[in-house]
Structure formats: C-alpha cells, structure tokens
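Below is one structure, written out as structure tokens; the observations come after it.
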Amino acid sequence: MASSVFSLASATPSASLSSHDIEKGKLNLRNTSLCFKKEKNNPFMKIKSFGRISMVVASNVSRFEGITMAPPDPILGVSEAFKADNHELKLNLGVGAYRTEELEPYVLDVVKKADKLLLEKGENREYLPIEGLAAFNKVTADLLFGADNPVIKQQRVATVQGLSGTGSLRLAAALIERYFPGGEVLISSPTWGNHKNIFNDAKVPWSEYRYYDPKTVGLDFEGMMADIKAAPEGSFILLHGCAHNPTGIDPTPEQWEIIADVIQEKNHIPFFDIAYQGFASGSLGADAASVRMFVARGMEVIAAQSYSKNLGLYAERIGAINVVCSSPDAAARVKSQLKRIARPMYSNPPVHGARIVANIVGDAALFKEWNAEMEMMAGRIKNVRDKLFDSLSSEDKSGKDWSFVLKQIGMFSFTGLNKAQCDNMTTKWHIYMTKDGRISLAGLSLAKCEYLADAIIDSYHNVS
Amino acid sequence: MIISRFLRRGISTSTSPTRRRSWWDHVTPALKDPINAVTDAFLADPCPYKINLGVVPFFSLITIACSSLGDSKNNLGSGIFQGAYRDDEGKPVVLQCVREAEGKTGATNFLCIGRESTSTAISSKLVEESAKLIYGEDSDVIKERRFAGIPALSGTGACRIFAEFQKRFYPDSTIYFPDPTWSNHRNIWGDAHVPDRTFHYYHPDSKGLNFVALMDDVKNAPDGSFFLLQPCAHNPTGVDPTDEQWLEISSLFKVKNHFPFFDVAYQGFASGDVERDAQAIRIFLEDGHSIGCAQSFAKNMGLYGHRVGCLSILCNDKIQAVAIKSQLKQISNTMYGSPPIHGISLVSKILSNPDIKALWLKEVKVMATRIQRMRATLREALERLGSPLNWQHITNQVGMFCFSGLTRAEVDQLAKEFHIYMTHDGRISMAGVTTKNVDYVARAIHEVTASDRDIKILHNIGAYKVNTDICSTSLGTKKTRARGMNLAL
C-alpha cells in the first residue's frame, strides 16, 4: 500500500507542511535521523534534530491552564476535617453511613454470605446488558412495588439498573431533559445536596417547594402544598419516599394522601427518591407505602432506588430507576430510551453489586435474614434517638421542646442549629456535622448521647 | 410545546390494563441498530454449528434474551457482540490473575463499606497503577506526578467524563474521530453536546491505513483541535499506524497544537506486550504533548462486567493536576457518584502485586497469541483453498477485529447460507474464530467471494470489463452474475 512519508525540513517553529510536501510521493525518511533531546533547564523548549536541521518547537502549554479548583463537597469535607482532628472525644455525625454501637462500619451478614456464594460460584465477568442484570431488575421492582402489584404483573414498569441512587437519578434526569424540554423538577427545601447538581448537569431546570419549618423543626405542610399547587402543570415533584434527607421529617400517611391529591389535580409527575427503604420504620415493606399508594391510584410514577445504605453496598454502586407507565407498550419504549441514555454514559452497569442484591432478595432465607438485620439497624437508631431525647430533656433546664428528635425518622436529624452554632459544635466540642444543622444518628452510639446532648444544649443556648 | 399536549389527560383510578393515555406517549422506541436484523437472525437460527463473529445488538430489546440464551446455546453469548474474548472452545474466560486478586481482596472490600478513606485510597492506587501502565513507570510524567486521574466506568465512562470536561472548558470545540471508529464514540461525545468530525483513516482498497489523507486532514483541521486516537488494535478496522507513522503524526500534532485524546481499550491485545502496545503514547509523551487517556480493563483483564477503567489528563504540574482532578470528580459525582469498588480493587491488586501482575502479563500474551494464530490460520486456509484474492490484511491487521473487506451482500450470504454472522461492514471478531471452526469459516468466505474471484481471474486475463451494476444487484445469485459475465463475453 502506498504510504507517503516526509520530513520536516523547515527551520521555523511555526512550520506548516505544504500539501506539495505530502503529495510528493515517497520521500525517504530512512536517511533522516530523528532524535529528540529534552532540554532539562527550559521545560517549555525542546530541540528536535532532523539530520542537520534543528528545530526549536515550543512545547505545548497545558490547554487547561485556567482551570480552578472545584469547590469541596460540603458533606465529604466534614469527614476529612474529622480525620484531621486528634481530640479523644471527637464524634463524626457527618456522612449518612451506618455505624455499629462501637462506631464501626457494618458489613451485613447477608452481604458476606452472598459475596461468598459469588466467589464460590466463580461466575464469568461478561458484560451485563445495558439495562442491567435481569434477575436484579426483577427483584428490585418487586421489593419496591410488591411482587403482586398489578403494575408488575401487567409489565407496566420500565426498570433499569443504575449506579446507586445518583446514577439512577441521573438517568431519569436525562430522560426528562430529552422528552420534556423545559419541564421543571421541584425539589424540597432543603434536600440532599447532590440533587441540585444532578439536575444542573443534566440541564433540567429546578425550583424548590417549602418543606422544613425551622419554627416547629417540623414539616411546613401548608407551604409545601401551596408551592406544589403553584407549579406549572405537568411539573416533576421530587419526593423522598421515606426518611427524608437531611431533615428526617416525613409526611404522615394522611398528609401523603393530600400530597397525592394535589399532584393528581395539577397533573404533575411524582418522582420518588428512595434511598432508605427499611431505615425509616425498620420494615422494608412498610417503608414503600408512600410509593405504593401513588401507584395504586393509577398514577405514572418515577422512582429511583439505592442499596447503598440498607444493604451497606455504598461502594458497589447498585440501584435502579423505575418508571411506572400506564401501558406495557409505553414501559417498553421508555426502557429503550433509558438504555439509549445509559449506553453513552457507561455502556452497561457493574455486575458485582447487582448479583449480591439479586442473591439476597431472590433467596427466601437470605431475604428473611436481611429483614431481620434491617430491623436491627433501624432499631439501634431508634434507641439512640430515645437516649438522645432523654439526655436533652434531662440536661436542658430551659423547658425547650426536644421531642422533634423522637418524631424525626431515619438516619438523620435536623437539630435546628444554625451555622454559628454548628461551628461551635465543632470547634468547642469536636463534633462534626453538616452546617445545615443535620446530624447523622447512624454515627452516634448510646454511650455518646450525653456528650452530644451537652454540646447541643451549649450551642443552642450560648451561641447565636 | 410538547408538555401542553399532555395536560388534558384524564385521571384514571382504575388499574385495568386497557389502553390509557400516558405521559410517555411521545416516547418512541429507541432506534434499533441497523444490524439488529442480523442479530435477530443469529439468535433465531436453529443451526447447531452457527458461528458468531461479532454481531452487536447495542440497542436491541432482545439483549436480555442474548445474555440468557448465549450461555446455553453454543456458548457464544452476548459478550462476543461487544468484542469480548473467547478461548479456543468459544468460552468466556475468567483470568487466573483475577481469581487470585479476588482471593486477596475480599476482606478489603468490606472495609470499604462506609469507609470513604479506604475507598479513596484504593481508587488512588488504581489511578497511579493505571498511569504507570500506560505512560511507563519511569516516565517523567509519573515521577513528577503531572497527571490528573480518576477511576472511570471502563472505557465508555472515561471517554464520557472527558467529553463532558471538554465541553465544560472548551464549549465551542469539536472532536475529530478516525473514519471509521467505534460506533459508541459518536453517541458519547454527542450526548456531551460536542459536535464531531472525521479524519481519513481506513483505506478500503488497500485495507490498510490511508496515511496521506490522514495527515492532510490533521493539517487542515483548525489549530488546536481535539482528536481521538486509538493507539493500538484499532476498532473496528484492526489497522494501526507504524511507529514511523506515529512519529510523523505526533510531529504534525505539535505543529498544529492539536490535543490528542487516546482511547486505550486493548493494551496488551495488539502485540501481546503491554509496553509495545503503548508505543504510540510514549512517542507522543516524548514529543512533549500533554495528552488525555481513557483506559479500559474490560478486555485485557477480562473484567467486562465490572466496569473498570481510568481517565487521566496530563498537566503542567502537580498543582494543576489537583485542580483538574477536582473538576473530573465533580463531573462524575453528578453522573454516578463514585465508581464501583469491586473492579477497582481487583485491578489495583493485579497491577500492584508483582507476582499477580507477572501472571497477568502472561495471560494477556496467551490471549493475544491465540488471536494472532487464528488470523494466520484463517489466512492460510483461504490461500490453501486457492483464493486469488489478497488476504494479507487478515494478518496485517491487529487486535480483536478484522475488517475483512467483504461486501454487504457477501456478509448476508454468509449468514443465510453458512450461518456465520458478522457486522454488515464485514468486521470479523477474531475472538469468535477457533481451531474447530476456522476451516469452515475459510471455506464459507471462499464460497461467497467466488464472484469476486471469478472477476479477478477474468481481470487478470484482461478479457472482461466489470459492469458493477450487473454484479451487485441481487444477493448471492450467482446465476445472475454468471449470466452477466456470459453476456459480456
């Protein structure tokens, strides 16, 4: 085959090759020695020799010269600061990762068993289909909607394995951007910090609905309803299925019904983020009640799931996006488009976490064990809440009502502390939390409740 | 507006399956890959000796069926579709080095659960080892830590993060792809909203590199353009530039101040030697380019389903590396959080443990050697059958794929008459060729290229002027062609 080679004969740094040079045909490069010498003292200049011709070529300055540091993540930054602290009484109440009473990470027994099974089976590592492991997709939908749910039997759910909650939310966001241009997502104020980033990067506009009432340290239900009513028809309403992050404040069952009424009236689409199924009440089934209620009303629903917390599979990145449609045909089409979005993101999802979840949820004995461990974990957090409330009530003589600690649900508690008070928690008491006043009860032991209570009381009363 | 069209849907409280209006009425089925008809035909083919040489159902709704059927019938599976390696029995392979690494990493993985510090440490190790592998352990870039890297979801994920990064910091830039290139490249940069253009690459006549046109396109592109390059085992053609050609390309890139982004999916698979396969990159490094690199461990470590890869970008110094890394992490944080730890810990173990790494290097050589042997065997078989056509491109081309030069009609005929399936562009996945089936494949190819063969013989005799209209009308109807030829004679 003809391949033309040529030599750079010009001595000027900005030499460009004339087409004549190239089209000349076979130029013999063999007689020309290319030697590259690096000038160690000036990193920006390199000397190239071509036979007797030397050329000085400016080495490329980085294309990314002007790039600045991205701002640090507010949540993960807390852990870093905690690590750097040497105080013996320090306490990390930052990240929502479950810890035992000894404040150690917890590997669920069922996960160990499932992992061992996988190792023994020695299965191949072939690509999953774009939509993920079929066995996983089946069990995850069953877990959320209930295996007997008509929507599953009628094949009206498009389920695609995603990279935990984040990845699943991103797939849904991309679907919204593509098929509902200009369609807005309403998120609670406050909400998990990464929600905004996900919608921003997916170029989906968002606005907030009132949620947290600092006066009551509870739900601003009136505000929430007003804001959802005021949103343009056909908006996407992002709801936390249970155990709201960061406040721990969940609507009551009665309030859920009213929320569903309003959403139906306004023709909005309910978009659930379920990251803590099992962590709210301790029962996996009960925690899916809100989602199931919406689905039972015949509504089309989007639901993102994560197994990071409830199975402790944070690092394996396993979750799913589900879209409940009014027909199996719509579900098939939606699924194909979710795949179309996933393929240029990562081609197909990771296999390991999917196999673990499929093994656990798909095996009656392991599933039962998981239910028990879930109850244990949620139970520990409930006990800690009780102890914290007791400590606060007994230590604090001001008569302030601390019962919100008991009313809030899940891993987190919104203490109502402001930024200055949170800073005091850290600087004086070496207690690390996020600046919005959120503490992770999953990182609290019974032994430390009194210490924490003292710190909160001090910060609340003595700092403003 | 699309939204208003769907505002008047009725509120249904029944759950009966009768057709109801849906929010998703306007969602059409994703475009099926054009070769899906062939995929479906392969799956539906009851022939017990059917052969899959790399049909790819990227958007097929039958993909689920592929993965469940694949292992029971013929052990061909859906993996072969995406260019997964198969042994001589046609079976998927789990490398021994992977099993050994797994034995050692089990406990560690559990420590990652809820402990970001351990995950972060393992991720950093992966990036460091990946960078050493591609840039060279002794390279200045490594010693001076002049690279920003994050683990990525295999090659696709690494490319996507880079495409998003490129869009963010060079919003008006385009990306140049070789023509042809892996089909997903266009989707990746497309979804990142970066427009693409192509540069000449494959020469259909020679079935090799169109170097003159390539250099022309590189020269004519605006200064400072972004180019995607495949350093070895080009997908789909198997055509790689020589070292001398890489030197030329690198020099021209310098002059034009282009940004080279390398998609490294087959390090080790081209020559069997990971250092050799990194030559193109080492050349660019030597020339002082600050490149970007997407690495995949899907093929060379057989970790397809684990989604392990690495994205790295070379920088001026350590400080800039920290800044760039923070931006890359932010992009990935909103896409999927962090990458899955299992694959990362396997790869970092394999690369950092000298014994396991030595084992890996041996296994990569075995895989690459088998492919090379199949190439040689297929070519020899065709030549032994007396095909006067030139088949040297089978052994000239490198890596998993061979661009056979077969026409669409011939590909269809191979499927219909011989139950051999490949993509319509004539791309053969050599991983699907085994000592058991290579003779059959050769015979089949020889058969379907009969008309090409006859034409060539007649050409050589000088007695026949090819009327291409007559020959290419119908599918494998030799009669028509013969008639055409007889008429001409």
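Values reported hereafter were calculated over all heavy atoms of this structure, with side chains retained and with hydrogens, waters and symmetry mates removed. Bear in mind the structure is a predicted one, so any value in this text is a computation, not a measurement.
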- Task: Ignoring hydrogens and angles, tell me if any N or O in the side chain of Asn194(A) forms a donor-acceptor pair with the backbone of Asn333(B) under 3.5 Å.
- Result: yes

- How far apart are the closest heavy atoms of Leu163(A) and Pro340(B), and which atoms are they? CD2-CD, 4.2 Å

- Item | Under 3.5 Å donor-acceptor, Arg125(A) side chain and Tyr304(B) backbone | no

- Message: Under a 4.5 Å cutoff for heavy-atom pairs, which residue among His306(B), Gln330(B), His185(B) has the most contacts with chain A?
- Response: His306(B)

- Whatever's closer than 4.5 Å to a heavy atom in chain A on Ile161(B) counts as neither

- Is it the backbone or the side chain of Ile318(A) that comes under 4.5 Å from a heavy atom of chain B, or both, or neither? neither

- Query: Among side-chain atoms of Arg343(A) and Asn187(B), is any donor-acceptor pair under 3.5 angstrom?
  - Reply: no

- Item | Contacts of type side-chain contact (heavy atoms from CB on, under 4.5 Å), residue Ser164(A), not counting sequence neighbours | Ser306(A), Ser308(A), Arg317(A)

- Portion of Pro232(A) that has a non-hydrogen atom of chain B nearer than 4.5 angstrom: neither

- Query: Looking at Gly343(B), Cys159(B), Pro339(B), Ser154(B), which makes the most heavy-atom pairs under 4.5 Å with chain A?
  - Reply: Pro339(B)

- Item | Donor-acceptor under 3.5 Å (Arg160(B) side chain, Tyr346(A) main chain) | no

- Query: Is there a donor in the side chain of Asp201(A) and an acceptor in the side chain of Thr334(B), or the other way round, less than 3.5 Å apart?
  - Reply: yes

- Message: Checking Arg99(B) now: which residues fulfil salt bridge (charged side-chain N to carboxylate O under 4.0 Å, His left out) with it, not counting sequence neighbours?
- Response: none

- In terms of heavy-atom proximity below 4.5 Å to chain A, should Ser338(B) be classed as side chain, backbone, both, or neither? both

- Can you say whether Val322(B) sits under 4.5 Å from chain A via the side chain, the backbone, both, or neither, judging by heavy atoms? both

- So, does Arg170(A) use its side chain to make a donor-acceptor pair with the main chain of Tyr336(B) at under 3.5 Å? no

